[in-house]
Amino acid sequence: MFEILSEKLNKVFRALSGKGKLSEKDIDDALRQVRLALLEADVNFKVVKDFTARVKERSLGAEVLRSLTPAQQIIKIVNEELIRTLGEGQSRLVSSSLPPSIAMMVGLQGSGKTTTSAKLALHLKHSGQRPLLVAADNRRPAAIEQLVTMGGQLDIPVYRETPDSDSKDICAHALIRAKELAVTWVIVDTAGRMHIDEPMMAELSQVKEQLKPAEVLLVVDAMTGQDAVRMAEEFNSRLGLTGLILTKMDGDARGGAALSIRWVSGVPIKFIGIGEKVDAFEPFYPDRLASRILGMGDVLTFIEKAEKTFDEQQVKELEKKVRTATFNLEDFLSQLREFKKMGPVAQLMEMLPGVSQLSRQLPAGMEEKQLKKVEAMILSMTLEERRNPSIIDGSRRRRIARGSGVKPQDINQLLNQFRQMQKLMKMGIGGKLPPNLAGMFR
Ligand SMILES: Nc1nc2c(ncn2[C@@H]2O[C@H](COP(=O)(O)OP(=O)(O)OP(=O)(O)O)[C@@H](O)[C@H]2O)c(=O)[nH]1
Ligand SMILES: [Mg+2]
């Protein structure tokens, strides 16, 4: 998601940066291209209109035209306005003053409610809460079993009844169970329909009335584009939502839903789902998504993820190396193994500044199966070669290739990829950007 948009915006900014001094016409042209790129990414036209109007007004202001680095100033403005469109800061879950807090999950069929209920429960458990899952989707027996299975795998209690029970009774009994178990959060998975209809809304309103939930969370499939946005408006006006969870953000949708939904519906995005597994779930940070879209990589998410795997000292070193783009092949090798513990490599690459563009240019990329090969190649190098790959000449290359069972061209490719990665990292975080702007992405 966001790749095409990200590429297009980067192209606009590169052209601007090459210009030095900017005229009003340069800014107009650039903003027209930004507008087109957003529309092509399926962003709601009203959001695009508001967004470009705000960027334009600020760009034509004295702060930009008089500055020594007008292009960078515009990128900064675009970044800030993107963040505003996405909802400013992080929107956290709100708990009720008396436990347990209740989160009611609503949404259309197949949007990911059941999966997301389990993901949310796991997230809460990891942050020290005691959750209870409630299978209030009594329309399909399979739905109850799905939740029970997931709860079992995560060691999280699930309250269920027989499929013929009434949702009102299920909720009432679930609250009694919640008290018995002394849980702090109750997550209620409700039934979805193919389309919004009167009986569904009536049932959901009734459940809401009965449970008085602290959170009413709409689960929407980001792959459905502007339909997701309309859905959010409709659910919000009928039910009153406290938050949105966008699922399937790992898909190949153009990103229009994610970029429009907050601005149009006024409801904050609280979490995103980024895969089918239960831990493919993250709090939503507008600033991180914005810098990801602008191709600056998501250093913060990367570092947070790293923190779960590395110890603090290692993290500090990695962070410094990623920031200053000084890590060499030796560091690369030692990170490679740690990388594997952190999750799917492609997903991690996506988060590193510069690397996301690189990995798109190189379809073979640094995917899992290639890692072994890369590891073998680096292992066949001497310490000196790893620290200073520029000394690797023809004869060294042949020796390394023989030692790792690959062709000399493979060594060349690795070295080229690595050089390019370092270059892009420099461009992305330090290098070309003036210090004030570089600081923004730290
Ligand atoms: N790739 C990806 N798949 C997801 C994500 N969230 C959910 N899914 C998948 O979407 C499908 C539907 O998920 P469910 O949780 O069963 O959806 P639901 O809203 O409960 O569906 P109903 O109970 O039929 O209304 C499943 O195959 C999930 O694995 C996500 O973030 N990424
Ligand atoms: Mg379900």
Side-chain angles (χ1 to χ4, degrees), residues 1-3 103-123 131 133-154 156 158-161 163 165 167 170-171 174 186-197 199-201 203-204 207 215-225 227-228 231-232 234-235 239 241 243-258 261 269-285 289 292 301 305 343-344 346-348 350-351:
M1 203 175 271
F2 304 116
E3 278 105 28
M104 177 177 164
M105 314 292 279
V106 301
L108 290 194
Q109 217 169 62
S111 57
K113 282 180 306 303
T114 305
T115 316
T116 305
S117 300
K119 285 176 172 180
L120 180 62
L122 182 65
H123 172 83
L133 284 160
V134 178
D137 181 354
N138 53 349
R139 202 154 276 116
R140 289 186 308 120
I144 302 177
E145 296 310 326
Q146 187 190 357
L147 195 67
V148 169
T149 307
M150 296 185 97
Q153 284 162 355
L154 304 173
I156 290 171
V158 180
Y159 183 77
R160 61 158 318 163
E161 292 189 6
S165 323
S167 62
I170 302 176
C171 290
V186 177
I187 296 156
V188 184
D189 180 26
T190 63
R193 303 256 173 118
M194 290 297 281
H195 305 284
I196 292 184
D197 60 22
M200 170 169 81
M201 282 301 176
E203 181 181 325
L204 292 175
V207 171
E215 290 280 354
V216 182
L217 300 170
L218 176 69
V219 178
V220 273
D221 180 342
M223 301 285 285
T224 58
D227 279 346
M231 202 65 58
E234 179 101 19
F235 267 93
L239 216 55
L241 300 172
L244 303 169
I245 301 182
L246 284 182
T247 63
K248 308 183 195 177
M249 290 282 280
D250 51 316
D252 57 4
R254 286 169 291 170
I261 204 160
I269 304 170
K270 294 200 168 170
F271 294 93
I272 54 173
I274 48 167
E276 300 205 29
K277 296 223 178 82
V278 273
D279 59 353
F281 186 73
E282 289 173 357
F284 178 69
Y285 301 101
L289 182 59
R292 195 133 130 198
T301 303
K305 218 163 180 171
Q347 204 176 311
L348 290 168
E350 202 44 36
M351 291 176 182

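Numbering of ligands and ligand atoms starts at 1, following listing order. Keep in mind that this is a model prediction, so the values were computed, not measured.
Those atoms of ligand 1 that come under 4.0 Å of a heavy atom in Lys113, given as number and element, are 15 (O), 17 (O), 18 (P), 19 (O), 20 (O), 22 (P), 25 (O). Taking every heavy atom of Ile274 and a limit of under 4.0 angstrom, the matching atoms of ligand 1 come to 31 (O). Each of the atoms 23 (O) of ligand 1 lies under 4.0 Å from some heavy atom of Asp137. Every atom of ligand 1 is numbered from 1 in the order shown, and the set under 4.0 Å from a heavy atom of Gly273 is 31 (O). Atoms of ligand 1 found under 4.0 Å from any heavy atom of Leu108 (numbered from 1 in listed order, with element): 19 (O). Listed by number with element, the atoms of ligand 1 under 4.0 Å from a non-hydrogen atom of Gln109 are 22 (P), 24 (O), 25 (O).
Where the criterion is an N or O separation shorter than 3.5 Å, residue side chain and backbone included, Gly112 meets it with respect to ligand 1. In terms of polar-atom proximity, defined here as any N/O pair under 3.5 Å, Gln146 does make such a contact with ligand 1. Taking any N or O of Gly275, backbone or side chain, at least one lies under 3.5 Å from an N or O belonging to ligand 1. At least one N or O atom of Thr114, backbone or side chain, sits closer than 3.5 Å to an N or O atom of ligand 1. Considering both main-chain and side-chain atoms, Glu276 comes within under 3.5 Å of ligand 1 through a nitrogen or oxygen pair. For ligand 1, one of its N or O atoms has an N or O atom of Gly110 under 3.5 Å away.
In this structure the side chain of Val106 never reaches within 4.5 angstrom of the side chain of Val219, judged on heavy atoms. Within the 4.5 Å cutoff, no side-chain heavy atoms of Ile245 are placed close to those of Leu218. Side-chain contact between Lys113 and Thr116: absent, with no pair of heavy atoms (C-beta onward) separated by less than 4.5 Å.
The closest approach between a heavy atom of Ile272 and any atom of ligand 1 is not below 4.0 Å. Contact between Ser111 and ligand 1 is present, with at least one heavy atom of the residue lying under 4.0 Å from the ligand.
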Exercise. Report the C-alpha distance between Glu276 and Thr115 in whole Å, list the side-chain angles of each, state the deciding distance to 0.1 Å, and finish with yes or no for side chain to side chain contact (heavy atoms under 4.5 Å, CB included).
Key: CA-CA 8 Å; Glu276 300 205 29; Thr115 316; over 6 Å; no
Quiz item: Could you walk me through whether Phe271 and Lys119 pass the side chain to side chain contact (heavy atoms under 4.5 Å, CB included) check?
Solution: CA-CA 10 Å; Phe271 294 93; Lys119 285 176 172 180; over 6 Å; no
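Not one N or O on the side chain of Ser167 forms a donor-acceptor pair closer than 3.5 Å with the backbone of Ala136. Checked by atom type and distance alone, the side chain of Thr149 pairs as donor or acceptor with a backbone atom of Glu145 at under 3.5 Å. Between the side chain of Thr247 and the backbone N or O of Val220, at least one donor-acceptor pair lies under 3.5 Å.
Among Ile187, Thr114, Asp137, the single residue meeting the side-chain contact (heavy atoms from CB on, under 4.5 Å) criterion with Leu147 is Thr114.
Using a 4.0 Å cut-off between charged side-chain N and carboxylate O, Lys248 and Asp221 make a salt bridge.
The residue Val219 has no part lying near ligand 1, judged by heavy-atom distances below 4.0 Å. The side chain of Lys119, and not its backbone, has at least one atom closer than 4.0 Å to an atom of ligand 1 (non-hydrogen atoms only; side chain from C-beta on).
Residues Ser117 and Met105 come closest through the heavy atom pair OG-CG, 3.4 Å. Closest heavy-atom contact between Ile144 and Glu161: CD1-O, 3.8 Å. The heavy-atom pair separating Ala232 from Leu244 by the smallest distance is CB-CD2, 4.1 Å.
Checking Ser117 against the Mg ion (ligand 2), every N/O/S atom stays at or beyond the 2.8 Å cut-off.
The single protein non-hydrogen atom nearest to atom 26 (C) of ligand 1 is Thr115 OG1, 4.4 Å, given as residue, atom name and distance. What sits closest to atom 24 (O) of ligand 1 on the protein, heavy atoms only, is Arg140 NH2, 3.0 Å. Ranking the protein heavy atoms by distance from atom 1 (N) of ligand 1 puts Asp250 OD2, 2.8 Å first. For atom 11 (C) of ligand 1, the closest non-hydrogen atom on the protein side is Lys248 NZ, 4.2 Å.
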